[in-house]
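For reference, the structure I am asking about is given below.
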Amino acid sequence: MEAEFAFSVDDLPPPSGFDLGHMAVTGNLGSYSSRGRTPDQAMMIYVSVSLLLDGLRSLVEAGRGGRVFGAADSSFSLKFSLTKDGTITTRAPGGPVDRSGVRAVVTAVWAAAREFADVQLPLLPADDAGRQDLEMSLAAFAPLVTRPG
């Protein structure tokens, strides 16, 4: 099984780029979600997806090392470790969730972020700060998806 990420908005209308929502990751070693936890781990989802894209992009561009993703306004976190052989391990606080190649993780995060953006961004005003941040993060991440290797 390849890694899968999912993002959702939980707040009621009217929509805002600071709406709360949830994130889930399922991989070849397990799964982890912000939903149903105590304390509540709902996050500012638009901002959090931007942070995830930016952090993962930084890690992939560095070629190795680690990055901790901390969701906005939540205690939800994931740790990504990239080894020089091109493997990314995604860890939740309870242990590893996925171990896959860079291409698989980049593709999984991109697919979920694009799906989320395609559905949710049109609901936000063009000048919404959360929308603008996510649009910029998607544009910066896109070259990783088409990069050879």
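On a predicted model such as this, the values are computed, not experimentally measured, just so you know. We use all heavy atoms of the structure for the numbers below, so side chains are in, but hydrogens, waters and symmetry mates are not.
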Review point. Would you call D128 and S16 a side-chain contact if the rule is heavy atoms closer than 4.5 Å?
Key: yes
Practice item. Kindly indicate whether the side chain of L134, heavy atoms from C-beta on, has any atom under 4.5 Å from the side chain of L53. Key: yes
Check your understanding: So, do L59 and R64 sit near enough that their side-chain heavy atoms are less than 4.5 Å apart?
Key -> no
Review point. Will you find, in the side chains of S8 and R35, an N or O donor that is under 3.5 Å from an N or O acceptor?
Key: yes
Point to revise | Any F18 side-chain heavy atom under 4.5 Å of I45 side chain | key: no
Exercise for review: Would you check, one step at a time, whether the test ring pair (Phe, Tyr, Trp, His ring centres under 6.0 Å) holds for Y46 with F116?
Suggested key: CA-CA 9 Å; Y46 294 93; F116 177 78; 5.2 Å; yes
Check your understanding: With a 4.5 Å heavy-atom cut-off, do V9 and D19 have their side chains touching?
Key -> yes
Check your understanding: Is the backbone N or O of E115 less than 3.5 Å from a side-chain atom of D118, with the two atoms forming a donor-acceptor pair by type?
Key -> no
Practice item. Go through the side-chain N and O atoms of R99 and T87 and say whether any donor and acceptor fall under 3.5 Å apart. Key: no
Check your understanding: Around R114, counting heavy atoms of other residues, nucleotides and ligands shown, do more than 12 lie under 6.0 Å from its CZ?
Key -> yes
Point to revise | R147 vs V106 side-chain heavy atoms within contact, under 4.5 Å | key: no
Review point. Hey, quick one: are L51 and M43 part of the same hydrophobic cluster, counting side-chain heavy atoms closer than 4.5 Å, chains of contacts allowed?
Key: yes
Check your understanding: Is it the case that more than 12 heavy atoms not belonging to E2 sit under 6.0 Å from its CD atom?
Key -> no
Review point. Do L138 and F141 belong together in a cluster built from hydrophobic side chains that touch within less than 4.5 Å?
Key: yes
Check your understanding: Does one side chain, of S137 or D54, offer a donor that lies under 3.5 Å from an acceptor on the other?
Key -> yes
Exercise for review: Measure the shortest side-chain to side-chain distance between F69 and S48 over non-hydrogen atoms and say whether it is less than 4.5 angstrom.
Suggested key: yes
Review point. Is there a donor-acceptor pair closer than 3.5 Å between any side-chain N or O of R131 and the backbone N or O of D127?
Key: no
Point to revise | Test item: V49 and F5 side chains (from C-beta on) under 4.5 Å apart, heavy atoms | key: no
Review point. Would a line drawn from the ring center of Y32 to the ring center of F76 be shorter than 6.0 Å?
Key: yes
Practice item. Check the hydrophobic clustering (I, L, V, M, F, W, Y; side-chain heavy atoms under 4.5 Å; chains of links allowed) and say if F80 and V145 are grouped together. Key: yes
Review point. Any ion pair linking R91 and D98 (charged N to carboxylate O, less than 4.0 Å)?
Key: no
